[in-house]
Peer 1: 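Before anything else, here's the structure in question.
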Amino acid sequence: GLKIVTIGGGSSYTPEIVEGFIRRYEELPVRELWLVDIEAGKEKLEIISNLAKRMVRKAGVPISIYTTLDRREALPNADFVTTQFRIGSLDARIKDERIPLRHGYIGQETNGAGGMFKALRTIPVMLEIDQDMAELCPDAWLINFTNPSGMVTEAVLRYGKTKKIIGLCNVPIGMEMGVAKLFDVDSNRIRIDFAGLNHMVFGLSAYLDGNDITKSVIDKIADGKMESTVKNIMNIDWVPEFAAGLSIIPCPYHRYYFKRQEMLEKELEEFSKGETRAEIVKNLENDLFQLYKDPALDSKPPQLEQRGGAYYSDAACRLISSIYNDKGDIQPVDTRNNGALAGISPDSVVEVSCVITKNGPRPLTMGELPIEINGLVQQIKSFERVVIDAAVTGDYNKALLAMTINPLVSSDTMAKVLLDEMLEAHQKDLPQF
Ligand code: NAD
Ligand code: G6P
Ligand code: MN
């Protein structure tokens, strides 16, 4: 049987992954699930583990649930470690969203100034987890959800010991589900060739039962028929001629770059009413934990679908299963480019369709990205690499460089204002600065 360790086990998302393991029990015999959290998350961890125990009992599968506040107790002999933690909790996210907005800039969990600060807080902790794994479970796979997922994954590949880390996101799965809905078919009949970066990924082609349907998907997008596929991103239609001209499938996050003004106005409107997405999520989370506490509840409640990360566990469980069962199927993940995308250096992490075997992901060759998007993807990758270097070194000038070259900031003066204010606000979670 398999031993799984989930770091950030107190997350309100955990019932999803528990359900995923239960549903796949036949092909993926998980015997132990260790949920790891920290002192501040102790109460949530208790509630989650009790719910998880009720879920496995009801399903009648022999998965034992353990909890600990010491990850070193959980890690020995793990087969897979999944990470889904948030340094500084939602209060830190509130600052990441509010500070930029106060200065008239996009305030977002994984993009712009907010995404950069989430990376600065997270990367040092992820490198400590990498150290512990090298010592306690050197052969385990590390499946990373912790955002910004692409940057965190690249930081470990560049500066950590494990080469067995894979980053994941629910956006590609959501896009396949969105296309399936357009054609009113089951999503396992849809395949999209993905290429780009995390939250900067494009669908280059789409297939229904293996037949190329890209053109009609683009027509439907231009007709405004494909809504944002994640709950955390507001749905504003693309200009039809833009969608047609682009002629590949954008992800919901592209709205921050190709509709920057409209997205900022929407965000500022919500902000003036007093709520950013982080605060909405805080309320959602409160409601979810009230439900989870109910001793009669023994399954994942549908309310969890209000979170942007809905269905993330499908991505996690099918990836783990394909590695364990050496399936050789195709899945989009965040992994070392190795030449799949011609315009990105081979040692950088990209989000790309891969063949998944027991040796992990092997990216499919995608060649050159269309010229009209290639530059933006490269620019974001430059930003990511400078952020990673800043996170590892604590170098102020590097941090300022990163902030300035981000397309959602683009001003050295304003980058310094944001940087100084955010360094101050997050001081306790940024020991390297
Ligand atoms: P959350 O605020 O509920 O945090 C999850 C848990 O992490 C909390 O219980 C917290 O106590 C714990 N934690 C904090 N620091 C820790 C540490 N050092 N070690 C162990 N546990 C720690 O967050 P959430 O909303 O459940 O999201 C969790 C993470 O997953 C975030 O980073 C979020 O951005 C990410 N996420 C990613 C995707 C994706 O597409 N990749 C989807 C959804 C969420
Ligand atoms: C999805 C993304 C995640 C992101 C999350 C936010 O869009 O793929 O990476 O963190 O949703 O959801 P939330 O409900 O926390 O705003
Ligand atoms: Mn994501």
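Whatever order the structure lists them in is the order used to number ligands and atoms, beginning at 1.
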Peer 1: So that I can tick it off, tell me whether Lys95 and Asp429 are bridged by a salt bridge, with the cut-off set at under 4.0 angstrom between side-chain N and carboxylate O.
Peer 2: no
Peer 1: Which atoms of ligand 2 have any heavy atom of Val230 under 4.0 Å away?
Peer 2: 7 (O)
Peer 1: Ion pair present between Glu270 and Lys266, side-chain N to carboxylate O less than 4.0 angstrom?
Peer 2: no
Peer 1: When you compare ligand 2 with Arg93, is there at least one nitrogen or oxygen pair between them that comes in under 3.5 angstrom?
Peer 2: yes
Peer 1: Check contact between Tyr311 and ligand 2, using heavy atoms of the residue and a distance below 4.0 angstrom.
Peer 2: no
Peer 1: What residue and heavy atom of the protein are closest to atom 1 (C) of ligand 2, and at what distance?
Peer 2: Gly308 O, 3.2 Å
Peer 1: Look at Glu227 together with Lys181 and state whether they make a salt bridge at an N to O cut-off of under 4.0 Å.
Peer 2: no
Peer 1: Quick one: look up the protein heavy atom nearest atom 8 (O) of ligand 2 and list residue, atom name and how far away it is.
Peer 2: Asn170 OD1, 2.5 Å
Peer 1: Closer than 4.0 angstrom, basic N to acidic O: yes or no for Glu421 and Arg98?
Peer 2: no
Peer 1: Looking at Asp91 and Arg86, is there a salt bridge between them, counting it only when a charged N and a carboxylate O are closer than 4.0 Å?
Peer 2: no
Peer 1: Find all atoms of ligand 2 within a distance of less than 4.0 Å from any non-hydrogen atom belonging to Cys169, and give their numbers and elements.
Peer 2: 8 (O)
Peer 1: Numbering the atoms of ligand 2 from 1, which are under 4.0 Å from a heavy atom of Val281?
Peer 2: 13 (P), 14 (O), 15 (O), 16 (O)
Peer 1: With side chains defined as the heavy atoms from C-beta onward, is the minimum distance between Lys118 and Met151 less than 4.5 Å?
Peer 2: no
Peer 1: Give a yes or no on whether the ring-centroid distance for His426 and Phe433 is below 6.0 angstrom.
Peer 2: no
Peer 1: Charged N to carboxylate O below 4.0 Å: is that the case for Lys164 and Asp139?
Peer 2: no
Peer 1: Give a yes or no on this: more than 12 heavy atoms of other residues, nucleotides or ligands lie within 6.0 Å of atom CZ of Phe85.
Peer 2: yes
Peer 1: Sort out the contact shell of ligand 1: every protein residue with a heavy-atom distance below 4.0 Å, listed by chain and number.
Peer 2: Ile7, Gly8, Gly10, Ser11, Tyr13, Asp37, Ile38, Gly41, Lys44, Gln84, Phe85, Arg86, Ile87, Glu109, Lys118, Val125, Phe145, Thr146, Asn147, Leu168, Cys169, Asn170, Glu285, Arg307, Gly309
Peer 1: Give me the number of protein N, O or S atoms whose distance to the Mn ion (ligand 3) is under 2.8 Å.
Peer 2: 2
Peer 1: Determine whether Asn283 and Glu275 satisfy the following criterion, side chain to side chain contact (heavy atoms under 4.5 Å, CB included), listing intermediate values before the conclusion.
Peer 2: CA-CA 11 Å; Asn283 289 330; Glu275 269 192 341; 3.2 Å; yes
Peer 1: If you measure from each non-hydrogen atom of Tyr13 to ligand 2, which part falls under 4.0 Å: side chain, backbone, both or neither?
Peer 2: side chain
Peer 1: For the pair Glu154 (side chain) and Ile388 (backbone), establish whether a donor and an acceptor sit closer than 3.5 Å, ignoring hydrogens and angles.
Peer 2: no
Peer 1: Side chain, backbone, both or neither: which part of Arg277 has a heavy atom under 4.0 Å from ligand 2?
Peer 2: side chain
Peer 1: Is it true that Glu279 and Lys282 make a salt bridge, defined as a side-chain N closer than 4.0 Å to a carboxylate O?
Peer 2: no
Peer 1: Between the side chains of Asp132 and Arg71, is the shortest nitrogen-to-carboxylate-oxygen separation below 4.0 Å, so that they form an ion pair?
Peer 2: yes
Peer 1: Against Leu408, only a single residue in Met403, Arg260, Gln108, Met116 fulfils side-chain contact (heavy atoms from CB on, under 4.5 Å); can you say which?
Peer 2: Arg260
Peer 1: Would you say Lys231 contacts ligand 2, with heavy atoms under 4.0 Å as the rule?
Peer 2: no
Peer 1: Closest non-hydrogen protein atom to atom 9 (O) of ligand 2, residue and atom name please, with distance?
Peer 2: Asn147 ND2, 2.7 Å
Peer 1: Taking N or O atoms only and a 3.5 Å limit, does Asn232 qualify as a polar contact for ligand 2?
Peer 2: yes
Peer 1: Looking at Glu97 and Arg93, is there a salt bridge between them, counting it only when a charged N and a carboxylate O are closer than 4.0 Å?
Peer 2: yes
Peer 1: Which label fits Tyr253 and His199: parallel for a plane angle under 30°, tilted from 30 to 60°, or perpendicular past 60°?
Peer 2: parallel
Peer 1: Out of all atoms in ligand 2, which are within 4.0 Å of some heavy atom of Val171? Include the element for each.
Peer 2: 8 (O)
Peer 1: For ligand 2, is Tyr312 a contact, meaning one of its heavy atoms is under 4.0 Å away?
Peer 2: no
Peer 1: Heavy-atom contacts with Glu109 under 4.0 Å: which atoms of ligand 2 show up? List them by number with element.
Peer 2: 4 (C), 6 (C), 10 (O)
Peer 1: For ligand 2, which atoms, with element, lie under 4.0 Å from some heavy atom of Tyr253?
Peer 2: 1 (C), 2 (C), 3 (C), 4 (C), 7 (O)
Peer 1: Under 6.0 Å from the ring centre and within 45 degrees of the ring axis: does the NZ or CZ of Lys3 meet both conditions for the six-membered ring of Tyr66?
Peer 2: no
